[in-house]
Amino acid sequence: MSTEPETRIPFPRTDTPLACQAHPDWFAHEQTSVPAAQQDIARAKRACSGCPIAAGCLKWALANPGPSRIGVWAATTPRERSVLRRRLQMRLGPDWIGVVAQADRDRARRRTAYQPAPTPSPLWSQPYQPWREQLTPDQQQRNRELLDLAQRTTRPRTRTRSEQTLEEAS
């Protein structure tokens with residue numbers, strides 16, 4: 001087991017205050033089977049569920065079994081991380097860290113490469129802001145014609161069954 005940190009998966013950083021920084025005693029447990037520790041571990045796991053860097057934290061903890069051999073990291077205990085490491089190795093091969101790191105780099109490249117440009121509207125050169133623009137006389141006339149047409153072609157309202165039943169009963 002290496003004690004040197006794996007450099008292909010960097011430790012996640014954020015400016016957001018994190019529960020693991022505010023309450024490190026919740027997360028640092030050598031013996032996870034002690035009943036007193038179980039409550040702190042459950043509390044730590046709940047705190048991790050809302051953490052913005054939990055996914056990055058889990059990747060780092062999995063890639064660095066030495067520094068993360070005790071305590072709760074990304075809502076996982078040491079035993080759970082060992083199981084996850086074995087599954088990753090079976091699924092992705094002995095260099096699963098390299099595979100995960102490459103997938104992260106590819107994902108980041110796709111995220112920055114595709115930034116769709118806003119498409120201008122073919123009807124207006126500027127965004128239409130009806131609450132700021134005055135209507136021209138031609139627009140006013142067209143609106144009157146459309147309103148008149150809508151009023152002439154509107155069908156009469158149909159009665160609901162309950163209205164029909166009430167009318168028949170009276």
Side-chain angles (χ1 to χ4, degrees), residues 5-27 40-64 68 71-76 80-81 84-85 87-88 91-93 95-170:
E6 174 61 53
T7 58
R8 292 179 287 179
I9 297 181
F11 189 80
R13 305 275 182 221
T14 183
D15 293 333
T16 306
L18 303 174
C20 59
Q21 295 166 343
H23 306 285
D25 54 313
W26 293 356
F27 297 85
D40 284 343
I41 291 170
R43 189 176 2 180
K45 286 184 172 193
R46 282 192 305 275
C48 286
S49 69
C51 181
I53 62 167
C57 182
L58 179 60
K59 288 178 197 174
W60 188 87
L62 291 172
N64 294 284
S68 66
V72 175
W73 288 77
T76 60
E80 293 166 337
R81 289 191 298 277
L84 288 171
R85 277 188 208 96
R87 287 182 184 169
L88 282 168
R91 183 173 163 208
L92 302 175
D95 187 31
W96 64 268
I97 296 171
V99 174
V100 170
Q102 184 62 44
D104 285 348
R105 285 191 297 272
D106 292 345
R107 193 175 304 111
R109 190 173 30 255
R110 281 193 306 270
R111 195 176 319 131
T112 58
Y114 178 71
Q115 295 178 354
T119 56
S121 170
L123 300 176
W124 297 284
S125 59
Q126 296 292 323
Y128 178 55
Q129 299 176 341
W131 57 92
R132 290 189 178 169
E133 298 175 10
Q134 294 289 325
L135 288 175
T136 64
D138 290 339
Q139 290 172 322
Q140 291 174 356
Q141 181 60 34
R142 179 68 179 143
N143 287 349
R144 282 190 206 101
E145 290 170 1
L146 288 172
L147 181 61
D148 184 46
L149 179 65
Q151 289 173 340
R152 279 187 277 141
T153 58
T154 303
R155 292 183 286 189
R157 187 175 80 81
T158 58
R159 294 178 292 166
T160 63
R161 284 189 182 179
S162 59
E163 290 173 335
Q164 291 172 358
T165 306
L166 286 173
E167 193 174 289
E168 292 170 3
S170 55

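On a predicted model such as this, the values are computed, not experimentally measured, just so you know.
Note that the CD1 atom of I41 and the SG atom of C48 stand 11.5 Å from one another [nearest 0.5 Å]. One distance of note links CG of L147 with CZ of R142; it measures 12.0 Å at 0.5 Å rounding.
Within the 4.5 Å cutoff, the side chain of T16 has no heavy atoms near those of the C51 side chain. Within the 4.5 Å cutoff, side-chain heavy atoms of R107 are placed close to those of D104. Side-chain contact between L84 and L58 is present, with heavy atoms from C-beta onward closer than 4.5 Å. Contact of the I97 side chain with the I9 side chain is registered, since non-hydrogen atoms from C-beta on lie closer than 4.5 Å.
Of all the heavy atoms in N64 and S68, the pair that sits closest is O-OG, 2.6 Å. When all heavy atoms are compared, the tightest approach of I53 to R13 is CG2-O, 4.1 Å. When all heavy atoms of A54 and A74 are compared, the pair lying nearest together is O-CB, 3.3 Å. T76 approaches R81 most closely through the heavy-atom pair O-NH1, 2.5 Å. Nearest approach of A61 to W73, heavy atoms of both residues: CB-CB, 3.6 Å. The two atoms that bring D40 and D25 nearest to each other are OD2-O, 4.3 Å, heavy atoms only.
Among pairs with a residue in residues 45-54, those fulfilling salt bridge (charged side-chain N to carboxylate O under 4.0 Å, His left out) read K45-E80, at least two apart in sequence or across chains.
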Step by step, work out the side chain to side chain contact (heavy atoms under 4.5 Å, CB included) result for L149 and E145. CA-CA 6 Å; L149 179 65; E145 290 170 1; over 6 Å; no
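Judged as a side-chain hydrogen bond (donor to acceptor under 3.5 Å, both in side chains), and not counting sequence neighbours, the contacts of R8 are E6, D95.
Checking R105 against Q102 by side-chain atom types alone, a donor-acceptor pair falls below 3.5 Å.
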